[in-house]
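To start, the structure under review is shown below, and the notes come after it.
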Amino acid sequence: MDFGLINSEQLKHLSVEELNSYSAYLRERIIDVTKKNGGHLSSNLGAVELTVALHYVFDMPKDKVIWDVGHQTYAHKFITNRGELMSSLRTDGGASGFPSSKESEFDTFITGHSGTSLSMALGLSRARDINGSDEKVVAVVGDGAFTSGEIYEALNDLGDRPTPLIIVLNDNKMSISRNVGAMSKYFNKLRVNKNFVDLKSDFKTDLNGLPFVGKPLVRALTGVKNKVKGSVIGNKFFERFGLKYYGPYDGHNISDMINALSLAATSSKPVIIHFLTQKGKGLVDAELHPDAYHGISPIGETKQKSMSAVAGQTLIELAEKENIAVVTAAMSDGLCFNNFAEKFPDRFFDVAIAEQHAVSFCAGLAKSGVKPFFGVYSTFLQRGFDQVLHDVCLNNLPVTFLIDRAGAVGADGVTHQGIFDLSYLSLIPNLVIASPKDGRELKALMEFSLGVNRPMAIRYAKSYEADFEVQDNIELGKWEVLINSNSPITILAVGRTNEIAAKIKNATIVNARFIKPLDTQYLDTLSGTVITLEDNILHGGFGQAVKDYLYGKCKVINIGHKNEFCDIRSIQKTYFSSGLTVDNIQKIVDSELSSLEKHAKL
């Protein structure tokens, strides 16, 4: 059988044995494309049979399946006629690494952040009720997402006004890092149910085989079994929200999953089905180290120096002499915080996928004299905006935000771009914003933040080329001249864009390490043409602030990203599209010099 030709409709006619063979085929395809293009490997390998079972039972795209986060949808994309797109996964013109309604009608939403699926699914369900239609709505939610507060807001609403809705709990014990918190412990308790049910079934079969005494013993032990189940398992949590709970089931047994999903599809009430899956299933290394294989780079990709590693090591050094604490929201691996967690477990807090809580929690730490560093990817800090403004900055508390993956991110695409943080943070009073040009300056800014008795955000890219030779001492709001050419052209570069600016000829190059406050003392000395470079959208960004300050005094040219959602899958191509290249900037410098020379001759 040519499994490459199988689609969502055709797999409904396959036998269970054929579905298992098809699942093995999908795993091979997923491994091949991630080795070539990078991507989320372990989560996708763990969700193959679940995806096949969902397509077998439900009539997509009429029936709506919303994938929480969505980084586990590679099998889904192969099944929905996107094999050719998947061969160029995470590249321009290829498949997105996340669901995309622009890509296929089988993807209901563009998604890439955790904890949102149940709210969207409930909206779809209530709209179905209003419209009088009959489609099924399914939210596939990972156990990691159940640490997100929005999930409970949706459950609270669903419990108040129930409507037919199916929640599929894909339980693999992981988010980006291993899950933590009370809900993780609760799911551990529920997982006992799988072993308990299997043991009960085998025991019952053996007892029934005994002559004369077998069946009476089974009846007598049933009451005992129910009491044990209630005390050991205690799975009433979801039922308190009006959900009928089924499970847990083996998330790699297609036959059992089809039966469970088919039963749920007939329910007139909301239900939750609990499937136990193995992250990295089918690839031994990924099974043993699912966190390491959460996201992988293409084979042969050139490695740069890691800003994240610098941040992680600096925190260890600071903790050895200062009263600091480190907080993250389920991304300790990516942020390189694991070594800190091992050395200072009492001062490390992974609060799981709960950015809002993390920010307010930091406010509490800071209020009591502990210096908190909150590490977070730029794209996820958006989720805690109100808490940054209201709980930290309004109270003027000395929380340091370590904003990793700032700027263009490349292959993860539109849902993960870190190109908005300068704009939305710049409008908040009391907040100091800085961006280092290299690893040494990141370390220096983190040390400097200890003496800043107010909120401070340090935003940086995941990696950098090399450390600069010039390393001035840091003063609040003061910039650093990297190249003084006595030119009428001044380039003010923020963060990673200093690597580009340093290659420009015939211009003075300034590392504008502080975005807020601006170095107005230096700006007051400028004349001629000022060019600003930033790895952020122009609207509300650094360049706009400089232009506003220099209005009527200098010509200011801003270079940065357009005020739009960017789905370019390469950092280099994103820079090219935005004019953040040596060639483009050099042409502008040369043109400005020529214009100024002509004007001087008149």
Side-chain angles (χ1 to χ4, degrees), residues 1-12 14 22-52 54-56 58-113 117 140 282-283 293-301 379 408-417 564-574 576-577:
M1 180 180 294
D2 187 353
F3 286 125
L5 300 177
I6 298 295
N7 59 30
S8 183
E9 183 58 36
Q10 292 165 336
L11 70 77
K12 298 179 187 297
L14 300 181
Y22 182 45
S23 297
Y25 162 81
L26 289 172
R27 274 200 176 82
E28 291 177 2
R29 294 296 305 274
I30 289 168
I31 292 171
D32 287 343
V33 298
T34 50
K35 282 183 176 179
K36 175 186 175 185
N37 302 305
H40 293 91
L41 180 56
S42 54
S43 56
N44 280 287
L45 293 178
V48 171
E49 286 85 3
L50 171 58
T51 306
V52 169
L54 285 166
H55 278 276
Y56 187 93
F58 295 101
D59 183 21
M60 295 183 239
K62 177 190 172 185
D63 292 334
K64 309 300 181 187
V65 176
I66 301 90
W67 303 85
D68 206 280
V69 183
H71 60 221
Q72 76 279 46
T73 54
Y74 293 2
H76 166 72
K77 294 196 176 197
F78 278 116
I79 294 170
T80 53
N81 304 309
R82 283 177 271 180
E84 186 174 344
L85 280 178
M86 286 296 290
S87 66
S88 301
L89 174 69
R90 290 161 47 93
T91 65
D92 293 320
S96 167
F98 298 87
S100 174
S101 52
K102 293 183 177 180
E103 206 174 86
S104 171
E105 62 179 341
F106 285 88
D107 296 357
T108 309
F109 296 101
I110 298 172
T111 57
H113 289 183
S117 66
V140 181
L283 186 64
Y293 283 82
H294 172 78
I296 64 172
S297 300
I299 291 176
E301 181 177 78
T379 185
V409 296
D412 276 340
V414 65
T415 57
H416 282 60
Q417 299 286 13
E564 61 189 31
F565 293 112
C566 175
D567 198 22
I568 301 174
R569 315 280 172 78
S570 159
I571 293 174
Q572 290 71 28
K573 289 183 179 178
T574 303
F576 180 83
S577 173

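Heads up: numbering here begins at 1 and tracks the sequence.
Taking 4.5 Å as the limit, some side-chain heavy atom of Ile568 sits within range of a side-chain heavy atom of Asp92. Inter-residue side-chain proximity for Thr415 and Phe565 is flagged as unmet; no heavy-atom pair is nearer than 4.5 Å. The closest side-chain heavy-atom distance from Pro61 to Phe106 is below 4.5 Å. Side-chain atoms of Val65 and Thr108, non-hydrogen and from C-beta on, never get closer than 4.5 Å to each other.
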### Task
Starting from the C-alpha separation in whole Å, work towards a yes-or-no answer on side-chain contact (heavy atoms from CB on, under 4.5 Å) for Arg29 and Phe3.
CA-CA 11 Å; Arg29 294 296 305 274; Phe3 286 125; over 6 Å; no
### Message
Show, in sequence, the C-alpha distance, side-chain angles and deciding distance for Thr111 and Trp67, and conclude whether the side-chain contact (heavy atoms from CB on, under 4.5 Å) test is met.
### Response
CA-CA 8 Å; Thr111 57; Trp67 303 85; 5.5 Å; no
#### Entry: Chi angles and distances behind the side-chain contact (heavy atoms from CB on, under 4.5 Å) call for Ile110, Lys102
CA-CA 8 Å; Ile110 298 172; Lys102 293 183 177 180; 4.2 Å; yes
### Query
Given Thr80 and Glu105, is the side-chain contact (heavy atoms from CB on, under 4.5 Å) satisfied, shown in steps?
CA-CA 9 Å; Thr80 53; Glu105 62 179 341; over 6 Å; no
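Using modelled atom types, one finds no donor on one side chain facing an acceptor on the other under 3.5 Å when comparing Asp412 with His71. His76 and Thr51 share no donor-acceptor pair across their side chains, judged by distance under 3.5 Å alone.
Glu84 CD: 12 or fewer foreign heavy atoms inside a 6.0 Å radius. Around atom NZ of Lys12, more than 12 heavy atoms belonging to other residues, nucleotides or ligands sit under 6.0 Å away.
Scanning all heavy atoms of the two residues, the minimum distance from Gly4 to Tyr25 falls at CA-OH, 3.2 Å. Residues Asp68 and Ser117 approach most closely at OD2-OG, 2.6 Å, considering heavy atoms. For the pair Pro99 and Asp107, the tightest heavy-atom approach, listed with the atom from each and the gap, is CA-OD2, 3.5 Å. Across Arg90 and Ala411, no two heavy atoms sit closer than the pair NH2-CB, 3.2 Å. Residues Glu103 and Leu85 share a closest heavy-atom pair of CG-CD1, 3.8 Å. Between Arg569 and Gly413 the shortest heavy-atom distance is CD-CA, 4.3 Å.
With hydrogens and angles disregarded, a donor-acceptor distance shorter than 3.5 Å links the side chain of Gln10 to the backbone of Asn7. Side chain of Gln72 to backbone of Gly70: a donor-acceptor contact under 3.5 angstrom is found. Looking only at distances, a side-chain donor or acceptor of Gln417 sits under 3.5 Å from a matching main-chain atom of Cys566. Lys573 places no side-chain N or O within donor-acceptor distance of the main-chain N or O of Gly410, the cut-off being under 3.5 Å.
Within the model, atoms OG1 of Thr34 and CD1 of Ile30 stand 8.0 Å from one another, a figure rounded to the nearest 0.5 Å. Atom CD1 of Ile79 and atom OG1 of Thr73 lie 11.0 Å apart (nearest 0.5 Å). Atom CE of Met86 sits about 9.5 Å away from atom OG of Ser96, to the nearest 0.5 Å. Separation of atoms CG (Leu45) and OH (Tyr74) is listed at 10.5 Å; rounding is to 0.5 Å. To the nearest 0.5 angstrom, Leu14 atom CG is 5.0 Å from Ile6 atom CD1. For the atom pair OH of Tyr56 and CD of Glu9, the computed distance is 11.5 Å after rounding to the nearest 0.5 Å.
Annotation: ring pair (Phe, Tyr, Trp, His ring centres under 6.0 Å) contacts of Phe78 (sequence neighbours excluded): none.
Using cut-offs of 30° and 60° for the angle between ring planes, the His416 and His113 rings count as perpendicular.
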